[in-house]
Colleague: 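Just passing along the structure, written as structure tokens.
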Amino acid sequence: MGDSHAYDVLVVGGGATGAGVLRDLARRGLRTLLIERDDFGTGTTGRYHGLLHSGGRYVAKDALAARECIAENRILRRIAPASIEDTGGYFVATPDDPDDYVDGFQAACAAADVDCEEIPVADAFRAEPALNPRIRRVFRLPDGSVEPWQLIESNVADARAHGSDAWTYQRLVGMERDGGRIVSATLRDERSGSVTRITPRFVVSCAGAWSGQIAAMVDVTVTMHPGKGTMLIFNQRMTDTVVNRCHKSSDGDIMVPVHTVAILGTTEQRVEDPDRYEITRDEVAALIREGEKLFPDLGRMRLLRAYAGVRPLYQPPAEVTAAAMKDGRQISRAHTVIDHDAMDGVENFVTIVGGKLTTFRRMAEDTVDLVCAKLGVTEPCTTADAILPNQVPGKTYWLGHRLAEHEAEGGGDADLLCECEFVTRPMLDDFLDRHPGCSIDDVRRGTRIGMGPCQGGFCTFRAAGLVGERARRVGAADVAESADRAILGFLRERFKGTRPIAAGRQLQEQWMISGVYEGGLGVRSLIEHETPEASREVVDVHR
Amino acid sequence: MTIAELIFDAQEEAVGYSSDECLKCNVCVTVCPVARVTDLFPGPKYVGPQAQRFRTGRAQPVQVPGTPFALSPDLTVDYCSGCGWCTTACPAGVKIAEMNSQSRARMKAGKRPKLRDWGLGQTDLVGQMGVLVSPITNRVLFNGPIRTIMEWTVGIHRDAPFPRFGKRTFQSTWKRRQKRLGSRPLPGPDKAVVYFHGCSANYYEQHVAAAAIAILKRNGFETIIPEQVCCGLPMISNALYGDARKKARKNIDALVGYARQGYRIIGTSTSCTHTIKAEYHEMLDVKDDDATVVANATWDICEFLLDLHEQGKLDTRFGRLDEDLPYHAPCQLRSHGIGLPAMELFALVPGLRAADMDHDCCGIAGTYGMKKEKYPIGMAVGAPLFDKIRASGAAEAACDSETCRWQIEKATGTRTRHPIEILLQAYRVADAAGGATPGPLSGAGTRAP
Ligand SMILES: Cc1cc2nc3c(=O)[nH]c(=O)nc-3n(C[C@H](O)[C@H](O)[C@H](O)COP(=O)(O)OP(=O)(O)OC[C@H]3O[C@@H](n4cnc5c(N)ncnc54)[C@H](O)[C@@H]3O)c2cc1C
Ligand code: SF4
Ligand code: SF4
Ligand code: SF4
């Protein structure tokens, strides 16, 4: 183990929290390594709803969480504008929402310092004509939407600029404990299988819903309640504003416009294993039924896919209540920094759990404050003030930007690999240059390739061609195989999320795409085993 | 019906949301006449359902230098000619052409319309002014140096076809005639039809209106011509929706009384009739009861004549016309979805060798091909058609739409006429040869006025 592997701190988990912790540690002068078992943002951070919370959803029940949200909301708009769309948010009172909640809403917002203004319903209908006309009252709050992958990249880039490192596809497989200290950590490269041992002075677990598994490696118990939440992605934005029901948060009561799509969510369901859960058609139908209270025409709109994420909800040992066990929503959304020195007698180990994407920076700050105190570092936190790299002050995301930029360069579709999301060949080349060895699914997170209506149908083979071409350029032996792998891996992932919702136009789209890949490109010969199963599933859904 | 349903049914939304139906199949791209000839236009799928997902009601928060975009971030949609081929071809029912028109309107919204777009859109006003001073206007419009100046100043291409103004409007001629004849009782809806002449017959091509009246009369129909204004299509295609809506309202108000009594509304301009039939509803969101009644009562004249024939009520005693007649079916006719009625009527004329040129678009697409930056595109779009017509060696050609006729004449030097002018000529030949008195036939009984 050379000096290059001499890190002060090992951070486990490349979600928003891990990236934030990495950045904060790096800026305070601690040489840090972040490891992620997959690509960045493939955990809950890549499978969340996309909402930059104003805090409005928590004012009534969890004022602490609400306060944290609005404070971080203001900070993130300043330090990461490009990752945020300033959609604004409506909290709307439908006939199904109880008067007392609605009447008390503004006061509750004021108490939690959340900006809230009641606006005439007519104004809301004018701005968002697809809203349910039976909505009686509308409050405007500073909600937004936030894109997670770029946010992580910015945090990682800042950390790298401060002398730290971040590795993807490195899984933590074990830690060696010597009495009250962790002395080493073993990482396995998920692609090559090679194993690395490092000896950090301190370990921070930011593994979200997987935190229990990490702690168990050093015989420490962290009880997580992985709560699955399902969301539906609609092909187009029926609203440019985030729309919430003004009631006690429940299923299917919020629509978030994120980039080209609008996402309806969520549900809450306890799952045992954060890596194994499924989405059912009943769940999808129930979500749509609820969503129709916000947008009556929802049932007619095209659904692209369904996906789910697992909430990293922490169950503190002392506060186990029956209610909290039954309904994950009862547990505070605010975060907890677990000092395993005080709790479990492991002096150089901290776990951070709970929280939200919106509050990742604050979670990192609290965590790093503790780590610094333990390591005797006195540098103050600067993450709230310094604008992240690759961000332009004040310039928030705008939906039209890709199209506008493409048009400014002369328009045309010659260079478009993904026509739906306007991903050009230079964009893909650039991404592959910066991320050697990545999969097309990684490219998707970085560029949105394949996230449009055809779900990769037309861009996958183009992208695979480009991957093959690059393999040839560097003289790789497996040019054809690399293209095949690229196609298969990506199609599998993309079709997964469409099965529960395949109906109507989206089902037709799938049939057409299967026609292209099976009939036109002969993909069946590559996946003798998967394809029959895949097509059988589609037939079942069709029935 | 809820307000949201109303709003959602309101075409602005429905057109926008029809992009939900897109399967990405590219059929529209293969039929688009403009995408075929120029790289400046990325094609219907791109500017339609794909770009649509990037359009928002929100203006850009910070202006990116070099991008003038506000609401609609794209400019290439301006190269769509509005011919409507994509919408007719799309297997999924995406209203691509309509979506393009709306995005163009949004793109131009807020900006003052270019003088040219405004002028090309204000056919009534320009027409009235032109007629008032027709010798001068005609000299201007057909004079080389002045056309060059027009190209520089208002952006109308110097070689673009431009009509000659008549000495007076058809409306005023008709009113004088009516005055002379004095007031007479209105014949019933089976003995009279309402004629929608549109701008071209009013200001430029009064002979088409005359032909229509003669043909209708020969088949037993009096012509009723209420006060009317431009159908509004030029304003729609130049993204002046507000103006277009006013025209729509006026026309509907003028026509609905007749339509409710059962009178059919006949037009000689395929684009005007299509505007009344479909665009008021789809593009302008004018869709009350009156609008629907008027839309349902509206017929293209060839469609109407063919319908008479199918009922055995058309006077088919056409004289012999021994000639080749290349025929171009204009884009708007395809949007009617009524087939090629003119070709079927031509088949009734002995000796006439009418040939459908089977080309999608002549390139003019309303006023598109007149604009300086679009003129070469329009010419390229129509080139195969022009070649075929020239190669046919025919002395004249036929086409239902006025701007297409001007474009074809200008590009090929071949005189191009409305199908009913050809039919009328065939009647005249019969009259001259047989000396037969004009009158209806084909088993419909005598219904001469
Ligand atoms: C359905 C749903 C909707 C949500 N909506 C919102 C919202 O709208 N707004 C909001 O602010 N918050 C929302 N949240 C909460 C938010 O998504 C999470 O709080 C946040 O993303 C958690 O980030 P994280 O980095 O802590 O966890 P994660 O993103 O899950 O990161 C943990 C990482 O650890 C990695 N890992 C696990 N085991 C190992 C190992 N052995 N070795 C290496 N790496 C490992 C995982 O691969 C994963 O990438 C939502 C959550 C859910 C479930
Ligand atoms: S994949 Fe897209 S995303 Fe790319 S072309 Fe299609 S839908 Fe589109
Ligand atoms: S209306 Fe005509 S020019 Fe415009 S996109 Fe459709 S086919 Fe092409
Ligand atoms: S023809 Fe229709 S479905 Fe096919 S790509 Fe064009 S708009 Fe989409």
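Every chain is numbered from 1 and lettered A, B, ... according to where its sequence line falls, protein lines coming before strand lines. Keep in mind that the numbers below use all heavy atoms, side chains included, and drop hydrogens, waters and symmetry copies.
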Colleague: Just by distance, do the side chain of A/R402 and the backbone of B/F54 share a donor-acceptor pair under 3.5 Å?
Modeller: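 No.
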
Colleague: Taking NZ, NE, NH1 and NH2 as the nitrogens, is one of them in A/E419 or B/K24 under 4.0 Å from a carboxylate oxygen of the other?
Modeller: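 Salt bridge absent between A/E419 and B/K24.
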
Colleague: Would you find a donor on one side and an acceptor on the other, under 3.5 Å apart, between the side chain of B/D20 and the backbone of A/R302?
Modeller: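 Indeed, once roles are kept as given, a pair shorter than 3.5 Å links the two residues.
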
Colleague: Does the side-chain contact (heavy atoms from CB on, under 4.5 Å) test come out yes or no for A/E421 and B/R53, once each step is laid out?
Modeller: CA-CA 9 Å; A/E421 295 292 337; B/R53 297 175 68 240; 3.1 Å; yes

Colleague: What distance do A/L403 atom CG and B/Q52 atom CD have between them, rounded to the nearest 0.5 Å?
Modeller: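 Rounded to the nearest 0.5 Å, the CG-CD separation comes out at 10.5 Å.
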
Colleague: Grab the two heavy atoms, one from A/N235 and one from B/S19, that are nearest each other, plus how far apart they are.
Modeller: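 Looks like ND2-O, 4.0 Å.
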
Colleague: Which answer fits B/A35, side chain, backbone, both or neither, if we ask what part of it has an atom under 4.5 Å from a heavy atom of chain A?
Modeller: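 For B/A35, neither part sits under 4.5 Å from chain A.
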
Colleague: Is the ring pair A/F422/B/Y46 parallel, tilted or perpendicular, if the boundaries are 30 and 60 degrees?
Modeller: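 Ring orientation, 0 to 90° scale: perpendicular.
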
